[in-house]
There are 2 protein chains.
Amino acid sequence: MELPKVGSIGEYIREQRTQARISLRQLAAQAGVSNPYLSQIERGLRKPSAEILQQIAKGLRISAEALYVQAGFLENREPDSDVLTALRADGTITERQRQVLIDIYESFRKENDAKSGGSEDGDDADPLREQESETTEGQHHDHRHRSQEDH
Amino acid sequence: MELPKVGSIGEYIREQRTQARISLRQLAAQAGVSNPYLSQIERGLRKPSAEILQQIAKGLRISAEALYVQAGFLENREPDSDVLTALRADGTITERQRQVLIDIYESFRKENDAKSGGSEDGDDADPLREQESETTEGQHHDHRHRSQEDH
DNA sequence: GCCTTGTGCTTGCTCTAGCTAGCAATTTAG
DNA sequence: CTAAATTGCTAGCTAGAGCAAGCACAAGGC
C-alpha cells in the first residue's frame, strides 16, 4: 500500500478542484472563502489556516484530514490496529497516559518486526503476518489467530 | 466509557500543563512559542494556529491531534472497541508484551479512578507522579522479559 | 534586610492571513 | 458581430496571530 505523498497544499487543492470540474469561483463560493484568496492559495502565495482548509474541504466534499496531511498539520497515519483505535478513543485515561501506552505498544511492534527478521524490504505485509502467526502459535495463544489458520 | 469533551483549547492546554507539572514558561520554552503568547492562549485571548498547536503538543508530549480535536479542527472519533478487548485480540505483539500493556493500562485507570473519587484539585499532582514512575518501571520490566525470551 | 530567580502577565510592535474592489482575458448568449 | 457573463488574478487594506521587552509579585538564598 502506497501512502499519498505530502506536498504543496495549493497544488493539491487545484488538483482536487479540477478533478471535480468546478471553477475557482465556484469552489470559493461553496467553501465560503474569497476567490482571490483561493487563487493565492492554489498558487502557493498564501498559507491557509486550518479553518480555511476545513472550509475548502467542505467545498470539495473531501475530508479536512486529507488537506491537513498535505499542509503538514497531520502526519499521514498508517492504518490503525484495533489497539491504536481503542487507545485513541478511550476516555478513562489522560492524554499523557494515552501517549505513553501508544509509544510502548508501537515499540513492542517494532521489536517484533525486527525479531521476525524476514524480508527487510517490507514490500509485502502478508508474509510478515504469516511469520508472526507462526510465532504466536508457538506460544499457544489467541484463539482467533488459530481459527484463521484453519481457513 | 466517556468521550473526551470538546471545549476551550486554552483551558485544555492549561489542564494538560498543570497535569504535567510544568510552568507556563517551561512549556513555552519546550514548545518553542513565546510565554506571553502561551499565557494569552491559555486565557482564551488568542486563537492559535495549527502550527502553534503542533508545537505545544510537542512540548506537552501529547499528540497534536488531541489538541486539534479540542480546537475544533478535527472531529472526535467514536470508539470502535474497548482497549482491553483490542489488546487481547492483537496479533502483532507477544503475550508478554500484551500483559505489560494491559497492566500499565489498568494501573493508569486505577489511578484515574482514585483521582476522580477524591478531590480533583490538588490531589492531581501526586497520583500523576506515581503513574509516571510506574511507567518507567514497566519499561524496565519489559527489557528484562526480552532477554529471557532470547534465551 | 537585599538580591536573585522564577512566575504569569501587560504592552506595543511586526507581519501576514484573508478580505474587498476591480482589472484583463476568455467564453457564452443573442 | 456585440454585450454579457465567466474566469483567474492584482492591489490595497484591516484584523489579529505571535513576538520581544518589560512589569509586578512570590519564593528562595545569603
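In what follows, every chain begins at residue 1, and chains take the letters A, B, ... in the order their sequences are listed.
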Distances under 3.5 Å only, N/O to N/O: pair up the protein atoms with those of nucleotides 19-22 of chain C.
{"unit_1": "C:dC19", "atom_1": "OP2", "unit_2": "A:S34", "atom_2": "N", "d": "3.2"}
{"unit_1": "C:dC19", "atom_1": "OP2", "unit_2": "A:S34", "atom_2": "OG", "d": "3.1"}

Take atom [atom1] of [X] and atom [atom2] of [N], then tell me their distance rounded to the nearest Å.
X: B:I13; N: D:dG18; atom1: CD1; atom2: P; answer: 11 Å
X: B:R43; N: D:dA17; atom1: CZ; atom2: C1'; answer: 15 Å
X: B:K47; N: C:dG18; atom1: NZ; atom2: P; answer: 10 Å
X: A:I56; N: C:dA17; atom1: CD1; atom2: P; answer: 13 Å
X: B:L45; N: D:dC19; atom1: CG; atom2: P; answer: 15 Å
X: B:E42; N: C:dC9; atom1: CD; atom2: P; answer: 7 Å
X: A:E51; N: C:dG18; atom1: CD; atom2: C1'; answer: 12 Å

May I ask you to evaluate whether [X] reaches the phosphate of [N], defined as a side-chain N or O under 4.0 Å from OP1 or OP2?
X: A:R17; N: D:dG8; value: yes
X: A:S23; N: D:dT7; value: yes
X: B:S49; N: D:dG18; value: yes

Inset, instruction - May I have all residue pairs that pass side-chain hydrogen bond (donor to acceptor under 3.5 Å, both in side chains) and include part of residues 25-41 of chain A, sequence neighbours excluded? - result: A:S39-A:R43
Side chain to side chain donor-acceptor pair (under 3.5 Å) with [X]: which residues, sequence neighbours excluded?
X: A:E15; answer: none
X: B:S63; answer: none
X: A:R46; answer: none
X: B:K58; answer: none

Legend entry - Test: A:R98 and A:E95 ion pair at under 4.0 Å: yes
